[in-house]
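A short write-up of the structure that comes next.
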Amino acid sequence: MVNQGPDVSDLDDLPEQMRIRREKLDRLRAEGVDPYPVGFARTTTLNQLREDFPDLEPDASTGIEVGIVGRVILRRDGGKLCFATLRDGSGDLQVMLPIDTVGEDRLKAWKTDVDIGDHVGIIGEVVCSRRGELSVKASSWVITSKCLRPLPEKFKGLTDPEARVRQRYVDLIVRPEAREMLQMRATAVASVRNSLTTRGFVEVETPMLQAIHGGANARPFTTHINAYDMELFLRIAPELYLKRLLVGGIEKVFEINRNFRNEGADSSHNPEFTMLEMYQAYGDYNSMRELTQQVIHEAALAVHGDLLVRHRDDDGQVTEYDISGDWPVIPINRGISAALGEELTADTEADQLRTWCDSADITLDPGWGRGQIVLEMYEHLLESRTTAPTFYTDFPTEVSPLTRQHREDPRLAERWDLVAFGSEVGTAYSELIDPVEQRARLTAQSLLATGGDVEAMALDEDFLRALEFAMPPAGGQGMGIDRLLMMLTGRSIRETVLFPLVRPE
RNA sequence: GCGCCGUUAGCUCAAUUGGCAGAGCAGCUGGCUCUUAACCAGCGGGUUCGGGGUUCGAGUCCCUGACGGCGCACCA
């Protein structure tokens with residue numbers, strides 16, 4: 001359990017350090033100092049100063065006065081000269097407060113009033129210390145926001161993964177990697193958007209509240225709309241709405257938005273997650289594969305500057321993986337056969353598959369059909385063992401209800417899964433556009449639903465009506481943005497997502 | 001859901017066989033005009049996750065509950 005500190009209403013019960021900070025706050029107010037002023041006349045940022053003065057000689061002065069702000073993260077007080085390290089949104093910089101320029105009273109006040117964690121504003125001259133550290137030499141300073149809680153230990157920071165997630169604000173203050181992750185995610189998302197819009201794709205937003213949940217196999221969250229007094233679902237996928245747009249004549253379309261799935265949360269699953277889905281009229285799963293590889297290459301380039309994906313473990317050890325070039329494309333029957341040492345084809349009977357699963361230690365549900373068994377074998381024998389990005393193709397049709405049948409073998413579906421580092425990053429289909437066939441497949445799914453399969457899709461009559469107006473041949477792709485970040489950085493979903501779901505305290 | 005590990009000061013972590021609950025950072029007091037994880041001296045700070053039990057004595061052993069991490073299962 002993360003310690004939240006006791007009820008702040010009773011001063012006497014506060015931990016010593018919080019009580020002292022409260023008392024300082026009261027004393028400052030009594031002295032007429034506003035510990036939370038409206039603002040400060042900042043003239044530059046800390047990183048801008050580093051860029052403007054890249055190689056000042058030690059002990060140099062510039063005569064240039066600046067106004068800077070920042071949070072005090074380290075302090076080194078002397079008798080007549082104090083140093084502190086400030087951190088603003090751009091970076092860190094040292095300030096120095098000599099008694100000559102700030103005056104005796106204000107230097108004393110700095111030592112007694114300012115705590116690590118406080119926001120301060122400094123006016124002073126850009127200088128370089130005798131030891132060669134770019135600094136601002138203060139002539140005056142002011143508290144811009146008083147911090148009432150002590151920050152974590154200055155070297156190790158927050159190590160408890162739960163505390164990092166629950167108090168992400170503290171994590172961001174003290175841990176550079178947390179700020180880097182936020183930046184990398186923003187960069188990757190911007191890159192994906194840019195990759196698609198420059199190729200003529202248009203971004204849309206489709207409903208998150210849906211009367212019928214479809215487009216994937218997953219348990220939904222349910223909610224209730226008072227106005228209609230009816231049950232609604234948080235979407236598990238935007239797929240069926242994006243396909244309606246293809247019917248409507250929007251030929252290249254994508255959405256980057258949240259999906260919700262009422263399933264377990266672990267190091268690679270969050271109940272709400274961000275999904276890219278894109279559709280291209282007259283594309284197919286091959287064109288989507290090429291496009292996906294380009295989009296990810298461009299995202300990696302944006303994030304890392306090259307196509308070397310860097311995974312850093314907790315010890316700071318960095319491992320690089322080259323993801324350049326064309327990624328392997330492996331039909332799953334071939335891949336499973338290779339892993340198994342047996343010849344698996346679309347003709348292999350389910351009983352034979354069960355025998356192989358037994359010897360491969362893969363647990364099966366007795367109710368599963370042939371397609372589900374193949375899928376299970378794929379997940380155990382291929383997906384979990386795959387490191388380098390790989391496209392696995394041609395899944396069984398019966399477990400791909402929205403995918404068109406393979407042009408050479410109707411028992412297979414024109415679908416691929418992109419796998420990297422043991423987990424699925426995305427999937428794509430040559431979309432099923434035949435409304436009669438689609439109705440038959442969805443009906444079969446609904447029958448599974450009434451048979452107790454809670455994840456089976458419901459029958460979306462309006463979607464079928466849309467298909468009956470004729471949807472052009474199309475390729476469609478879905479990719480988890482959180483998963484993309486995991487692939488690019490090697491971190492868990494609880495680090496790529498700023499505020500993953502945690503149990504309320 | 002199952003298994004393993006964990007929860008000790010604001011933070012990061014110790015505590016031998018069951019024997020006075022400690023250190024570093026942070027805090028407080030004092031010193032220091034070039035420090036930079038500043039340094040030096042002194043001081044304060046604990047519901048050892050909650051509940052129950054065994055024992056002369058429990059952070060430590062037993063039972064139980066909560067929360068978390070990892071693995072398995074399910075999923076993207």
Side-chain angles (χ1 to χ4, degrees), chain A residues 1-6 13-21 23-24 58-59 73-85 92-101 107 111-112 115-117 127-135 137 147-167 170 174 216-219 236-237 259-276 314 362-363 365 375-376 379-380 383-384 417-419 423-427 454-455 478-484 486 492-494 502-505:
Chain A
M1 204 58 203
V2 177
N3 193 327
Q4 280 308 285
D13 286 349
L14 287 179
E16 183 190 35
Q17 298 194 40
M18 285 181 62
R19 183 175 46 75
I20 288 169
R21 286 181 183 230
E23 287 165 0
K24 270 186 200 179
D59 213 18
I73 53 166
L74 293 170
R75 55 188 298 170
R76 299 171 288 280
D77 290 353
K80 297 188 174 63
L81 172 64
C82 294
F83 295 90
T85 304
D92 297 356
L93 194 75
Q94 173 169 279
V95 292
M96 44 199 294
L97 300 95
I99 196 165
D100 324 335
T101 53
L107 184 66
K111 293 186 211 174
T112 56
D115 290 305
I116 289 175
V127 301
C128 189
S129 76
R130 284 178 204 159
R131 295 287 172 87
E133 180 87 12
L134 181 64
S135 310
K137 187 167 78 174
C147 179
L148 294 181
R149 291 175 183 258
L151 292 185
E153 206 261 353
K154 67 182 171 188
F155 190 56
K156 289 195 164 182
L158 275 188
T159 61
D160 178 358
E162 186 190 2
R164 284 181 180 175
V165 162
R166 284 191 191 274
Q167 301 181 41
V170 177
V174 300
N217 290 325
R219 305 176 71 139
I236 57 175
N259 288 348
F260 305 85
R261 299 191 183 175
N262 204 342
E263 288 159 354
D266 60 29
S267 60
S268 62
H269 299 83
N270 196 49
E272 53 178 309
F273 62 101
T274 304
M275 186 86 164
L276 162 71
D314 288 331
I362 298 169
T363 336
D365 186 309
L375 201 57
E376 205 69 18
E379 285 170 5
H380 282 88
E383 186 181 82
S384 62
D417 275 16
L418 171 61
V419 177
S423 86
E424 182 184 337
V425 176
T427 187
V454 289
E455 291 185 356
M479 180 168 74
I481 294 293
D482 320 282
R483 290 288 175 83
L484 172 63
M486 290 163 68
S492 85
I493 202 166
R494 289 166 80 81
V502 282
R503 207 176 286 267
E505 296 178 63

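So that the names make sense, note that chain A is the first sequence line, chain B the second, and so on, each numbered from 1.
Contact annotation for A:Lys24: backbone-only contact, meaning every heavy-atom pair under 4.0 Å involves sugar-phosphate atoms and none involves a base. Across all strands, A:Asp77 comes closer than 4.0 Å to base atoms (heavy-atom distances). Within the nucleic acid shown, A:Thr85 has no heavy atom closer than 4.0 Å to any nucleic acid atom. Counting any heavy atom pair closer than 4.0 Å across all strands shown, A:Met275 reaches no nucleic acid atom. Residue contacts shown for A:Asn270 include a base, since a base heavy atom lies under 4.0 Å away.
B:rU64 and B:rG27 have their P atoms separated by 44 Å, given to the nearest Å. One P atom belongs to B:rC13, the other to B:rG18, and the distance between them is 25 Å to the nearest Å. Spacing between B:rG44 and B:rG22 at atom C1', rounded to whole Å, works out to 15 Å.
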What's touching nucleotides 42-45 of chain B from the protein side, N or O pairs under 3.5 Å?
| residue | atom | partner | partner atom | Å |
| --- | --- | --- | --- | --- |
| B:rG44 | N2 | A:Glu16 | OE1 | 2.2 |
| B:rG44 | N3 | A:Glu16 | OE1 | 3.3 |

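A:Arg19 has no side-chain polar atom (N or O) that falls below the 4.0 Å cut-off from OP1 or OP2 of B:rC28. Distances shorter than 4.0 Å separate none of the side-chain N or O atoms of A:Thr159 from OP1 or OP2 on B:rC11. Taking side-chain N and O atoms only, A:Lys80 has a distance below 4.0 Å to OP1 or OP2 of B:rU33.
When both distances must be under 3.5 Å, the Watson-Crick or G-U wobble mate of B:rG22 is B:rC13. B:rC70: Watson-Crick or G-U partner is B:rG3, with both key distances under 3.5 Å.
Listed by chain and residue number, A:Pro152 satisfy the side-chain contact (heavy atoms from CB on, under 4.5 Å) test with A:Val174 (two or more places apart in sequence, or in another chain).
Toward the 5' end of RNA chain B, the nearer of the two residues A:Gly157 and A:Met96, judged by each one's closest nucleotide, is A:Gly157.
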